[in-house]
Amino acid sequence: MAKPWLRLTAEAVAEVPAQLGVFQLAEPQDGSEVIIRIGYAGGRDSFGMRSALRLALADARATGEDRPVLFRYELTHAYLTRWEELLMVHVARHGSLPTGNRDHPHAVGRLRLG
C-alpha cells in the first residue's frame with residue numbers, strides 16, 4: 001500500500017468513506033512507520049471503513065498510552081483477498097505478521113519478493 005499516512009483521530013475517521021476495503025495501522029518510530037496491524041472493513045461493518053477505523057481508534061485509546069497511531073486505507077470490494085496479500089507482503093519483508101495480527105486464524109501464504 002503506497003497511500004500517505006494520516007493521524008488516527010476522530011476527525012480523520014469521520015472523513016473516511018463508508019465503503020469496503022483494507023487498512024494499515026502504524027506507529028511512527030525513528031523517522032519511519034512501523035506497521036502494527038493490517039485490517040479490513042467488510043460486509044459486517046455497518047459503515048464500512050469508517051466503522052472499522054472507529055473501532056481501531058477506540059482500541060488505541062483503550063491502551064491508555066498517549067502515542068500517535070497512523071493509518072492508511074484502500075477501498076476495494078475484494079477486501080479479503082487484498083488483506084491476505086498485504087499480510088503476505090508484510091511477512092515476506094519482515095519475517096512475521098504485525099503484532100496486531102499475531103492471532104491470525106490460519107497460515108499466511110508465502111510470497112517471494114523479487
Side-chain angles (χ1 to χ4, degrees):
M1 193 179 303
K3 303 265 185 171
W5 291 101
L6 305 168
R7 181 112 185 225
L8 185 64
T9 64
E11 296 79 21
V13 171
E15 298 294 320
V16 172
Q19 296 180 15
L20 307 176
V22 294
F23 64 89
Q24 294 175 323
L25 301 178
E27 293 178 346
Q29 196 173 80
D30 299 326
S32 64
E33 294 78 20
V34 175
I35 295 173
I36 57 173
R37 183 171 164 224
I38 300 171
Y40 65 87
R44 294 184 183 203
D45 294 295
S46 56
F47 292 99
M49 188 64 65
R50 194 175 310 137
S51 293
L53 289 171
R54 278 186 186 143
L55 288 174
L57 178 59
D59 289 347
R61 287 178 174 166
T63 64
E65 297 178 31
D66 189 28
R67 62 178 192 251
V69 176
L70 308 173
F71 77 99
R72 59 186 177 183
Y73 65 94
E74 289 179 3
L75 302 176
T76 177
H77 288 282
Y79 57 89
L80 287 176
T81 301
R82 182 66 172 135
W83 178 61
E84 289 284 341
E85 179 183 28
L86 290 170
L87 291 172
M88 288 188 285
V89 168
H90 193 276
V91 170
R93 288 186 177 153
H94 304 285
S96 64
L97 290 168
T99 56
N101 293 99
R102 298 276 163 85
D103 62 346
H104 191 60
H106 60 275
V108 174
R110 293 192 180 262
L111 282 180
R112 183 177 179 144
L113 301 176

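The structure presented is a predicted model; accordingly, all values stated were derived computationally and were not measured.
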Using every non-hydrogen atom in the two residues, find where [X] and [Y] come nearest and quote the distance to one decimal.
X: Ser51; Y: Asp45; value: CB-CB, 4.2 Å
X: Pro4; Y: Arg72; value: O-CB, 3.5 Å
X: Pro98; Y: Arg37; value: CB-N, 3.8 Å
X: Leu75; Y: Gln19; value: CD1-OE1, 3.3 Å
X: Leu57; Y: Thr9; value: CD2-C, 3.8 Å
X: Leu20; Y: Gly43; value: CD2-N, 3.8 Å

_Would you call the rings of His94 and His90 parallel, tilted or perpendicular, taking 30° and 60° as the class edges?_
tilted

_Pairing residues for Arg44 by the side chain to side chain donor-acceptor pair (under 3.5 Å) criterion, not counting sequence neighbours_ =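 None.
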
_Quick test of your reading: applying ring-ring contact (aromatic ring centres under 6.0 Å, His included), list the pairs with at least one residue in residues 9-31, sequence neighbours left out, ordered by first then second residue._
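ring-ring contact (aromatic ring centres under 6.0 Å, His included) check on residues 9-31 returns no pairs.
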
*Which ring-ring contact (aromatic ring centres under 6.0 Å, His included) pairs, counting each pair once, include a residue from residues 33-54, with sequence neighbours left out?*
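Sorted result for residues 33-54: Tyr40-Tyr79, Tyr40-Trp83.
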
_Pair Leu87-Leu97, side chain to side chain contact (heavy atoms under 4.5 Å, CB included): steps then yes or no_ = CA-CA 7 Å; Leu87 291 172; Leu97 290 168; 3.8 Å; yes

_Just so I know, are the side chains of Lys3 and Gln24 near enough to count as touching, which here means a heavy-atom distance under 4.5 Å?_
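No, their side chains stay 4.5 Å or more apart.
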
